[in-house]
Amino acid sequence: MDKSKRLFLKSKRSFRRRLPPIGSGDRIDYKNMSLISRFISEQGKILSRRVNRLTLKQQRLITIAIKQARILSSLPFLNNEKQFEKTELTARTTTTSLKKKNRVTLQLN
């Protein structure tokens, strides 16, 4: 076999087909939080179709269900625990700096 024909041959590696993430019995709905939470990142973003391995129709239904759950306050719009911790720390430092300023003004008076 010459080189020109060898380029078009596919490798004969076997691969294991992954199971679909949504079973046939699963209903995509905003109330089904266990199903919806699998398709959201740690930051609260909707994962892409390529990452989820969903069909186009399933991804649309998941997106609609997630948005409905967010509107009904079942899901947060953002999952910013780290941001909350930072604001908590800054609030503590500002209150301590205010106390120090008050002490200085009291000592001067």
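Bear in mind the structure is a predicted one, so any value in this text is a computation, not a measurement.
Hydrophobic clustering (side-chain heavy atoms under 4.5 Å, transitive across Ile, Leu, Val, Met, Phe, Trp, Tyr) keeps I64 apart from I40. Under the 4.5 Å side-chain heavy-atom criterion for grouping Ile, Leu, Val, Met, Phe, Trp and Tyr, F39 is connected to L61 within one hydrophobic cluster. In the hydrophobic clustering of ILVMFWY residues, with side-chain heavy atoms under 4.5 Å counting as a link, I22 and L47 come out apart. One hydrophobic cluster, built from ILVMFWY side chains closer than 4.5 Å, cannot hold both L35 and I71; they sit in different ones.
Distance alone, capped at 3.5 Å, places no donor-acceptor pair between the N32 side chain and the I28 backbone. Judged by distance alone, the side chain of Q58 and the main-chain N or O of T55 form a donor-acceptor pair under 3.5 Å.
Considering every non-hydrogen atom in both A65 and D29, the closest pair reads CB-C, 3.9 Å. Taking every heavy atom of both residues into account, S37 and S34 meet most closely at OG-O, 3.2 Å. Smallest separation of non-hydrogen atoms from Q59 and R49: OE1-CA, 3.7 Å. Between K45 and R70, the shortest heavy-atom contact is CA-NH2, 4.2 Å.
With sequence neighbours excluded, no residue satisfies side chain to side chain donor-acceptor pair (under 3.5 Å) with S73. Taking T63 as the reference, nothing meets the side chain to side chain donor-acceptor pair (under 3.5 Å) condition, with sequence neighbours excluded. With sequence neighbours excluded, no residue forms a side chain to side chain donor-acceptor pair (under 3.5 Å) with D26.
For the atom pair I62 CD1 and R38 CZ, the distance stands at 8.0 Å (nearest 0.5 Å). Residue I36 holds its CD1 atom at 6.0 Å from CD1 of I66, rounded to the nearest 0.5 Å.
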